[in-house]
Amino acid sequence: MDRTLTLLGIETSCDDTAAAVVRAPAGGRPEILSSEVLGQTALHEAYGGVVPEIAARAHAERLDGVVAAALAQAGVGLEGIDAVAVTAGPGLIGGVLSGVMLARGLTAARGLPLVAVNHLAGHALTPRLTDGISFPYLMLLVSGGHCQFLLVKGADSFQRLGGTIDDAPGEAFDKTAKLLGLPQPGGPSVEAEAASGDPDRFRFPRPLLDREGCDMSFSGLKTALLRARDALVAEKGGITVQDRRDLCAGFQLAVTEVLATKTARALAAVADQRPTALAVAGGVAANRAIRARLETVCARFGLPFVAPPLRLCTDNAAMIAWAGIERLRLGLATPADFPARPRWPLDQAAPALLGSGRKGAKA
Amino acid sequence: MLLPILAFDTSAAHCAAALLLQGRVIQRLEPMERGQAERLMPMLEEVLAEGGIGWRDLRALAVGTGPGNFTGVRIAVAAARGLALGLGIPAVGVSRLEALAHGLPRPLVVIEDARRGQVYVQLFTPAGPGPAHLADRIVPACPATGSAAGPGALPPAMPLVEAIARIGAERAASPQPSPAPFYLRGADAAPPADPPPVILP
């Protein structure tokens, strides 16, 4: 489609209810006309993590309001929309279904095309929306739910080089905050504590660093942190503020070193394919210590480091609208009866990292 | 009565739709354990086609809000909200218990199986409906209907989705809140058991 496209994007795969309008002239720079994100942190706070049923309930009752707000903010009515793009997975299926069904109703009512978008593709294509970078590029997607290296070769062509075999780093940050009595979300609170801590007082494991390839593991790190905390509690009945800062600093350094080492390995592995940049996405990419180390790695390889602004790194619907535009430009059709998928790896050829059996790989 | 109205329900192991036109009702009921998310919109378009009208001819929508299967209820409610937004017409939520009671004499108690050894109960008197609630087995003191109402249960006056359409058509004549799932049962979630450590000065 070689004309200006204006898409409504919808994202409900975790705990953010999001809608956005993105306009892209043929061959010109795309523009985000609106990007509304309604978070649910307060709803899940008491449970120490996202509760799928609570998230699904909130999406079902809030999404139409968020869509209306995104349209109003963009100053375009539904008559100005060319197509709707919706996250069809992977993610918490109750939320994904709420988004998909609202999108089905909306597109049926308006006679508009509906584009099913993979949530991970939305993250992976964001650097093209924000910085206009060319294929191929290496993407480190590092968030509360995901952690993987992808060589992005096209809007529908992804090669996964490796990823976490258990927890995602964002999840590890959240669990660390919980174990140390810090507020959620854990990323910013652990980072703030770590800033005045001694990273060398506690030496936490760097799992899989000795193993070839780009796979990572973060669940052992959380267990090691729990042991260190419990040792302090056994010794003096609690932990001091300084203990907590040092634990956070040690934890953050371990995550940083694993990500930096594996990023270097991934860049070396794809060097012959001449990537144009290393790009990051996901909430963990907002961590300044991690970001600084990744920039150093990039400099060593002589590659630009591309980090979209935080509001486009974390879950949002502008990335879904943009991924929809990329798919429409390629002429990729969405079958009307596409399923909502809790599991949907971007690279269907790579062996499963997480999950297997009847339902197939998660990522 | 706001007609034509299109009603649908996926709150149990079925996909059901009814189009209520002046003096005519067209309906479909397909039993299915899963696949409602893919089947619902094509079924609605079939019903519209059989009625000889298009989306733009509708004046209102009605949707079954449960109680029932959480995911199933959300499938229909989300679709109804999307359609209402796209068409600029009202969507009315109708509970399964109200729909089962529709067209039967009062007083009436609706007793629906809620699984886990419990029932959804709502009393309808000539003065109006009482509050719906979740209960352990109850013995009805007046005529009863519903899947857990026992051997003397009254059969429903009409198919569930037709009742949703008829109630919706009456209500849509005045302003209504957006349809919302009617769960009657909380989300299964427990606060974490392990407390945070004591922070020493």
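Keep in mind it's a predicted model, so treat the numbers as computed, not measured. Throughout, a chain's letter reflects where its sequence line sits, starting with A, and its residues are numbered from 1.
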[X] versus chain B, the contacting section by heavy-atom distance below 4.5 Å:
{"X": "A:I239", "result": "both"}
{"X": "A:R104", "result": "both"}
{"X": "A:P52", "result": "neither"}
{"X": "A:A46", "result": "backbone"}
{"X": "A:V67", "result": "side chain"}
{"X": "A:A103", "result": "neither"}
{"X": "A:R57", "result": "both"}
{"X": "A:V51", "result": "side chain"}

Best-contacting candidate, [options], against chain B by heavy atom pairs under 4.5 angstrom:
{"options": "A:G237, A:G49, A:A56, A:G181", "result": "A:A56"}
{"options": "A:V233, A:L63, A:L179", "result": "A:L179"}
{"options": "A:T240, A:L71, A:L232", "result": "A:T240"}

Distance in Å, [X] [atom1] paired with [Y] [atom2], rounded so as to fall on 0.5 Å steps:
{"X": "A:M101", "Y": "B:L40", "atom1": "CE", "atom2": "CG", "value": "4.5 Å"}
{"X": "B:I199", "Y": "A:L180", "atom1": "CD1", "atom2": "CG", "value": "7.0 Å"}
{"X": "B:T71", "Y": "A:I93", "atom1": "OG1", "atom2": "CD1", "value": "8.5 Å"}

Pick from B:A180, B:G86, B:P42 with the largest number of heavy-atom pairs that fall under 4.5 Å of chain A
B:G86
Among B:P201, B:P196, B:A187, which residue forms the greatest number of heavy-atom pairs with chain A at distances under 4.5 Å?
B:A187
Within 6.0 angstrom of B:R185 CZ, more than 12 heavy atoms from elsewhere
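Yes, enclosed.
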With a 6.0 Å cut-off (strictly less than), is the heavy-atom count around CZ of B:R56, excluding the residue itself, greater than 12?
yes
The interface call for B:R39 against chain A, heavy-atom contacts under 4.5 Å, is neither
Minimum heavy-atom separation for A:A108 to B:W55, with atom names?
O-CD1, 3.5 Å
Smallest heavy-atom separation, B:E38 atom then A:A340 atom, equals OE2-N, 4.2 Å
Without placing hydrogens or testing angles, list every side-chain donor-acceptor pair under 3.5 Å for residues 72-84 of chain B, not counting sequence neighbours.
unit_1	atom_1	unit_2	atom_2	d
B:R74	NH1	A:E53	OE2	3.0
B:R74	NH1	B:Y183	OH	3.1
B:R74	NH2	A:E53	OE1	3.0
B:R81	NE	B:P179	O	2.9
B:R81	NH1	A:E61	O	3.0
B:R81	NH1	A:D64	OD1	2.9
B:R81	NH1	A:D64	OD2	3.3
B:R81	NH2	B:P179	O	2.8

